[in-house]
Amino acid sequence: MVALGVAAGFDARAQPLTVDWNSPRQEMDGFGVAFPGAAMWIKNFTEPARSRILDVLFSVTNGAGFTIIRNEIIADDHDAPNVGTTGAGTWQPNINSHEPIEGTWNWTGDESQVWLMQQAKRYGVTNFLSTVWSAPPWMKSNDSYRGDVLGPGGETATLLTNKHQAYADYLSRYVREYHSRFGLDISAVSIVNEPGFPAHYQGMLMDPPQMVDFLKNFLKPTFVRDGVTARIVAPEDASWEATNRIAPLLADPGAAAAINIIASHGYHEATNPMPAVKAAGKRLWMTEISELNVNTNSMADALRWVRNLHGHLTVAETQAWLWWYAAAPVVDDHPGALMFLTYTTPWYAAQRDTFRYPKRLWAIANYSRFIRPGFVRLPVGGNAPAGLLVSAFKSADGAQFVAVAVNDSDVPQTLTLQISGGGNVATLQPYVTSATQDLQPVALVTATNGIFTATLAPRSVTSFAKVASPLPPAPTDDTWVSDLEWANASIAGIDPPQRDRTAVGPFWYGSPITLGGTNHAKGLGFSAPSTIIYHLNGQGDRFTALAGLTKISVTNKLRFQVWGDDTLLFDGSSKDGEPPLEIDVSVRGKKFLKLTGLSESPGGSAQDDQGAWASAQVTHAGPRLASGFTPNGMTISLTVGPGESCVLEKSTDLRTWTPIQTNSSPSGVVQFLTPPPTGSNAFFRVKKP
């Protein structure tokens, strides 16, 4: 037993809570934060403070590990100039539109938002939700960005009926331009923020009949026409319990078919279930919640929000949970931010090196860092004492497990937890957030007779993450990756990864890897989505491979990503009929190599999304000497085992190595004399044969 608090309170050891390993509930899409207007504040910081802010938000090793970013279409990030007035209404200062005049397009003014998304990609974030607060004024009945301004005839801030197609074109082009101009793939588009609220800032009203018409008759057909694969989100109402806007969307077959994600905000903090959404097969997201009154840095405030989060996960069965502002200036009017930045006068002049965060950030991070996209929730049965909230999750392949326990009482609680039906979980690493701790790792917890026991500190949140089995050995020589044991593999696609063969379902299972008409004896076949992780332990030099599709289908498109630890080393897409992608990246100094295959097929099925890492190889780093030797070369001496031989190898490009001499010595001291330079740089390394 590990003591996470002090003297014991309620003792639940007689009746442990039970995690049902074989009864998965909802699949998780992730946890996120919003950046409308906030990206510029972070961008204006200088190093190293700026990198630390990004780490706190996105790192899975020393931060919250958020995986979803919510943006604004018409990016109010204060990069744009004041645009004055137009028509019946006033354009707010610093608002920039991508189409300020019909047919005139503008792709400046949201540089900070683009920068922030590109920075987040470096941490592995690929889920970008973009929401519209207001269509361009010329599409609206009140000719204004604002949601509370009336038109000259008393018209409210609604989308004009005769501009439905223009608005659909606007959203389609936004997604396509972000991809072509900035290399950013918008994964989801929300047609309007809080459609029933006449906001005194940019806003737009949209009733259910208008939503139904726009979704089924304009937006979905336009996305199909333009090949836009971003998921469609609606209605993003202000309150979770206000389901009167959801029911009409699901009742209409055309609108229901157009929507991928049903989303609402969490104001009023309700967490009621939505069985109609689940019955319709739609994803369910809570996309905005926040403190709206006075900011506080208390553990009581943090527990308030994790109670809500726990309710969304276990009662509403929400698949994504997003906080409002990620960051805001201390002097600004956003008490609900997760990070506060110190600014001087004027308010946008950053001191650039001072920031702080309330306790709620780390309490939420107890979930967001450990419950990753693709994890599924597991039911937790038993009678928990008052004030104890427990949820549990596992990765799709069952290799990872995490339980989160909230002690909402003023006394310590004894948690006893049993995993029923499998899991192979023997040891858990607890991370504690309390009044004095911020996601602090404490002593490991080991199961006794299959039961984990830990004492939870008063007013705390604790994540218990499975400690992985010992890592497989790192490569000691140039090695085909299909000959290496993987440290972890996600089997989310229709078939598991296959060594030196394809993975294409029951009719083609196990066929040779063929890319562009060429057979490859070595490689990895996979069914998307797929992630395979190898343990390099700093011993690798370069990773090389050919990547492409292994099954012909006109709808297919796959994205291939190579990661070294948390760094994205390669990111490219391949379609049917295209030559394989040529990959050659340095993995020197990296502990882990991660190969990810993602589907980008519009309308394609999982069975059609098959790819391969053909002739994939990791070259070994080995000892290496710098170039620039004296005319007579250089003597290398090293100590090995008595009689053990070593090989001196030469390279001019750090990729191809040629053996040039083998030496051994009975005493164990081996010497090599490198040959003199021949006019070009030469690199040498000594390896065991």
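Below, each value reflects all heavy atoms present in this structure, side chains not excepted, and no hydrogens, waters or symmetry copies.
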Distance-minimising heavy-atom pair for Gly196 and Leu205: C-CD2, 3.9 Å
Under 3.5 Å: donor-acceptor pair, side chain of Asn407, backbone of Ala457: yes
Leu341 vs Ile53, side-chain contact (heavy atoms from CB on, under 4.5 Å): CA-CA, chis, key distance, verdict: CA-CA 10 Å; Leu341 316 176; Ile53 291 171; 4.0 Å; yes
Min side-chain heavy-atom separation Leu129-Ser187 under 4.5 Å: no
Backbone of Met204 reached by a side-chain donor or acceptor of Ser134 within 3.5 Å: no
Heavy-atom side-chain proximity of Lys43 to Leu116 below 4.5 angstrom: no
Non-hydrogen side-chain atoms of Thr453 and Thr448 separated by less than 4.5 Å: no
Full working for side-chain contact (heavy atoms from CB on, under 4.5 Å) between Tyr123 and Leu57: CA-CA 10 Å; Tyr123 290 86; Leu57 293 172; over 6 Å; no
Name of the residue among Val233, Leu215, Val277, Ile191 meeting side-chain contact (heavy atoms from CB on, under 4.5 Å) with Ile259: Leu215
Atom of Ser190, atom of Glu236 and distance for their closest heavy-atom approach: OG-OE1, 2.6 Å
Nearest-0.5 Å distance, NE2 of residue His265 to CG of residue Leu322: 9.0 Å
Point-to-point distance, once rounded to the nearest 0.5 Å, from CG of Asn127 to CD1 of Ile69: 9.5 Å
Flag side-chain contact, heavy atom, 4.5 Å: Asn260 against Ile232: yes
Of all pairs that satisfy salt bridge (charged side-chain N to carboxylate O under 4.0 Å, His left out), the ones with a partner from residues 267-284, not counting sequence neighbours: Glu27-Arg283, Asp29-Arg283, Glu269-Arg304, Lys278-Glu317
Distance, nearest 0.5 Å, that separates OG of Ser112 from CD of Gln119: 11.5 Å
Student check: side-chain heavy atoms of Gln429 and Pro441 closer than 4.5 Å: yes
Parallel, tilted or perpendicular, as decided by the 30° and 60° cut-offs, for the rings of Trp323 and Trp321: tilted
Contact summary for Gly423 and Lys466, nearest pair of heavy atoms: O-NZ, 3.6 Å
Backbone N/O of Leu439 and side chain of Thr433: donor-acceptor pair under 3.5 Å: yes
Separation of Leu456 CG from Ser434 OG (nearest 0.5 Å): 11.5 Å
Distance (rounded to the nearest 0.5 Å) between Leu17 CG and Asn383 CG: 8.5 Å
Candidate pair Tyr431 and Gln437, rule side chain to side chain donor-acceptor pair (under 3.5 Å), full reasoning: CA-CA 9 Å; Tyr431 298 82; Gln437 297 164 295; over 6 Å; no
Mutual orientation of the aromatic rings belonging to Trp41 and Tyr325 [parallel < 30°, tilted 30-60°, perpendicular > 60°]: perpendicular
Atom of Phe393, atom of Phe401 and distance for their closest heavy-atom approach: O-CD1, 3.2 Å
Check: Lys359 main-chain N/O paired with Asn297 side-chain donor or acceptor under 3.5 Å: yes
Heavy-atom side-chain contact between Asp410 and Arg459 under 4.5 Å: yes
Lys394 (side chain) donor-acceptor with Val376 (main chain) under 3.5 angstrom: no
side-chain contact (heavy atoms from CB on, under 4.5 Å) between Phe31 and Ile364, intermediate numbers included: CA-CA 9 Å; Phe31 301 83; Ile364 294 171; 5.5 Å; no
Derivation and outcome, side-chain contact (heavy atoms from CB on, under 4.5 Å), residues Tyr367 and Val406: CA-CA 11 Å; Tyr367 294 84; Val406 180; 3.3 Å; yes
Short side-chain to backbone donor-acceptor contact, Arg50 and Ile42, under 3.5 Å: no
Side chain Ser298, main chain Asp301, donor-acceptor under 3.5 Å: yes
Heavy-atom donor-acceptor pair, Gln319 side chain to Leu313 backbone, under 3.5 Å: no
Side chain proximity check, Lys121 to Leu184, heavy atoms < 4.5 angstrom: yes
Whether Trp362 and Tyr357 hold their rings parallel, tilted or perpendicular, with breakpoints at 30° and 60°: perpendicular
Check: Gly421 main-chain N/O paired with Asn22 side-chain donor or acceptor under 3.5 Å: yes
Parallel, tilted or perpendicular: ring planes of Trp240 versus His312, cut at 30 and 60 degrees: perpendicular
Side chain to side chain donor-acceptor pair (under 3.5 Å) assessment of Thr131 paired with Arg70: CA-CA 7 Å; Thr131 296; Arg70 184 169 176 240; 3.3 Å; yes
Side chain to side chain, Thr271 and Arg307, heavy atoms closer than 4.5 Å: no
Considering all heavy atoms, the nearest Met117-Ile186 contact: CE-CD1, 3.7 Å
Heavy-atom donor-acceptor pair, Ser463 side chain to Asn366 backbone, under 3.5 Å: yes
Minimum-distance pair of heavy atoms, taken over all atoms of Arg369 and Thr61: NH1-O, 3.5 Å
Nearest-0.5 Å distance that lies between atom OG1 in Thr67 and atom CD1 in Ile371: 10.5 Å
